[in-house]
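Encoded as structure tokens, the structure appears first; notes follow it.
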Amino acid sequence: MTLIDGKATAATIKAEIKDEVERIVAQGGRRPHLAAILVGHDGGSETYVKNKVLACEACGFQSTLIRFEDDIREEELLACVSRLNNDESVDGFIVQLPLPRHINGQKVIEAIDYRKDVDGFHPINVGRMAIGLPCFVSATPLGILTLLRRYNIPTSGKKCVVLGRSNIVGKPMAQLMLQKQWGDATVTVCHSRSKTLKEECRQADIIIAAIGQPGFVTADMVKEGAAVIDVGTTRVPDATRKSGYRLSGDVLFDEVAPKCSYITPVPGGVGPMTICMLMLNTLSAAKGEFYGERVRK
Ligand code: BQF
């Protein structure tokens, strides 16, 4: 069993990004600039945005954090998006999700200029991704594909089961695993209503778990020698921690790991790669490019 070290892989890639940024700056170019909009004070969102700001520093990027209280009106948020769309000093920006319930998140996403949509959530990027055109690919699926490649885990022609059908992870992950130039796999998507979920998993060469239920994937669901990718990052209370909680994945790691060829831990697996791919997308945006064919293997 090989433990996939997402934290180390992300650190390597961030160092590569930083090198490129310093080359750009030495040639008289401007540092890439990522802006983030954070609404409210959700603990998870605070942490995630902090991770993004720190990653910008590691990559030599400029970053701007724009905060709003959770009673912000939708029009104010849309005005902020519009301002960032038109701000030439900003290469890319994100709106940290989830948003408060009184705000139409889809409307906010659609207000983002797709050329600055480094999260890859705008329908133009989603659509372009789905048909294999250059686009911003959402960071978590891109991070997982990067791990599979860097660890030389074969995907072409393999049976891949994606657990979860969210717009952020499950759906784009399944699309990319299907595509010839990415996973080139046979893909099955299972979700909370899937009757044959366990049977599908047992036949999978690769399981990508993104359902947000701690310990959902148990040893009896995993074929001997399968590769298991754990996208879960649920905060569960833990009195022994300073923070009062710990991150729990969707995979019951201790019993599943011995059966795997490869497995990602939580924390330190997919999470750091998500942040790192956001940086890569921002670098592409700063260079006026999409994450397209050109940068693929
Ligand atoms: C790690 C996210 C659910 C909903 C909205 C490193 C992150 C997490 C874990 C992180 C996530 C999850 C992010 C680890 C960003 C991933 O060491 O294991 C980094 O910051 N993430 C987000 O921005 O929004 C979310 C999960």
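Each ligand, and each atom within it, is numbered from 1 in the order the structure gives. Computed from heavy atoms alone, side chains included, the values below leave out hydrogens, waters and symmetry copies.
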**Fill in**
So for T140 against ligand 1, with non-hydrogen atoms under 4.0 Å, the contacting part is neither

**Request:** For the pair D113 and K116, find out whether any cationic side-chain nitrogen is under 4.0 Å from an anionic carboxylate oxygen.
**Result:** no

**Prompt:** What residue and atom, counting heavy atoms only, is the protein's closest point to atom 23 (O) of ligand 1, and at what distance?
**Reply:** K52 NZ, 2.6 Å

**Request:** Within a distance under 4.0 Å of any heavy atom of L247, pick out the atoms of ligand 1 and give their elements.
**Result:** 9 (C)

**Message:** Heavy-atom contact check, 4.0 Å cutoff: does V266 meet ligand 1?
**Reply:** no

**Message:** Closer than 4.0 angstrom, basic N to acidic O: yes or no for D184 and K158?
**Reply:** no

**Asked** For T274 and T140, does a side-chain donor sit closer than 3.5 Å to a side-chain acceptor?
**Response** yes

**Asked** What protein heavy atom is closest to atom 4 (C) of ligand 1, reported as residue, atom name and distance in Å?
**Response** Y48 CE1, 4.3 Å

**Prompt:** In terms of residue, atom name and distance, what is the protein heavy atom nearest to atom 24 (O) of ligand 1?
**Reply:** Q96 NE2, 3.1 Å

**Region of I168 engaging ligand 1 - heavy atom pairs below 4.0 Å** = neither

**Request:** May I ask you to check whether over 12 heavy atoms, not counting those of R115, lie within 6.0 Å of atom CZ?
**Result:** no

**Asked** Counting only heavy atoms not in K7, do more than 12 sit closer than 6.0 Å to its NZ atom?
**Response** no

**Prompt:** Between the candidates G271, G268, A55, which shows the shortest non-hydrogen contact distance to atom 18 (O) of ligand 1?
**Reply:** G268

**Asked** Do the ring planes of Y262 and Y151 sit parallel (below 30°), tilted (30 to 60°) or perpendicular (above 60°)?
**Response** perpendicular

**Prompt:** Which atoms of ligand 1 have any heavy atom of P267 under 4.0 Å away?
**Reply:** 1 (C), 17 (O), 18 (O)

**Prompt:** Hey, is CD on E88 packed in by over 12 heavy atoms from elsewhere, all under 6.0 Å?
**Reply:** no

**Asked** At what distance is the nearest protein heavy atom to atom 7 (C) of ligand 1, and which residue and atom is it?
**Response** N51 ND2, 3.8 Å

